[in-house]
Amino acid sequence: MLLQEKYPEEIKGILARFPHKKSAVLPLMHLAQEAYGFTSREAMQEVAQILDLDPTHVLSLAGFYTLYYEEPVGKFVLEVCNDLACALRGADEFVQMASRKLDIPVDGTTNDGLFTLKTVMCLAACDRAPMLQCNLKFEEHLDEAKFDALISRLRAEAAAEKAEPSIVEQISAFAK
Ligand code: FES
């Protein structure tokens, strides 16, 4: 019951925003993701219990939306679009290059916990393909040099402890 112990006021506030408590499922899932670091089975069961929902329903939502992470993720989540427009502009090769340079497979996280690499469907920036989303921020017209620069910048930010909040923290703040 980590969620209810850690965020009793936030839960109350979220529930107060909706006429039917079941409608609060997505914001509560964001809160649970912040509390647990990802949408673990335990976290989703807790959300289901608060809302009197079937846990299977909450778990299916977590699997459907790409901003819910079913496994722990790194501080920076690099979500490379590999849908049609981006694929036509080299997204698959870009993903291979990123995977090689970070030394992780798609859906993997670097050993230092900094980067998770994912592929996602269209992010509605097709005219700026190939592109990726890093912690909700778009990086567009990508090539290898831009990727190298991005990774260097993020590593420097993390080293200087000036890095932006993690993706989990950003999503949670956005949902509040
Ligand atoms: S196909 Fe990549 S942003 Fe649309």
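Whatever order the structure lists ligands and atoms in, that order sets their numbers, starting from 1.
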Can you tell me if Thr39 uses its side chain to pair, donor with acceptor, with the backbone of Tyr69 under 3.5 Å? yes
Enumerate the protein N/O/S atoms at a distance below 2.8 Å from atom 2 (Fe) of ligand 1, ignoring waters. Cys81 SG, Cys86 SG
Show every salt bridge (Lys or Arg N to Asp or Glu O under 4.0 Å) that has at least one partner inside residues 41-57, sequence neighbours left out. Lys21-Asp52
Which of Thr109, Asp103, Leu102 passes side-chain contact (heavy atoms from CB on, under 4.5 Å) with Phe115? Answer is Leu102
Under 3.5 Å: donor-acceptor pair, side chain of Ser99, backbone of Val95: no
When Lys146, Arg153, Arg128 are each screened for salt bridge (charged side-chain N to carboxylate O under 4.0 Å, His left out) with Glu139, the one that passes is Arg153
Side-chain donor/acceptor of Asn82 to backbone N/O of Met121, under 3.5 Å: no
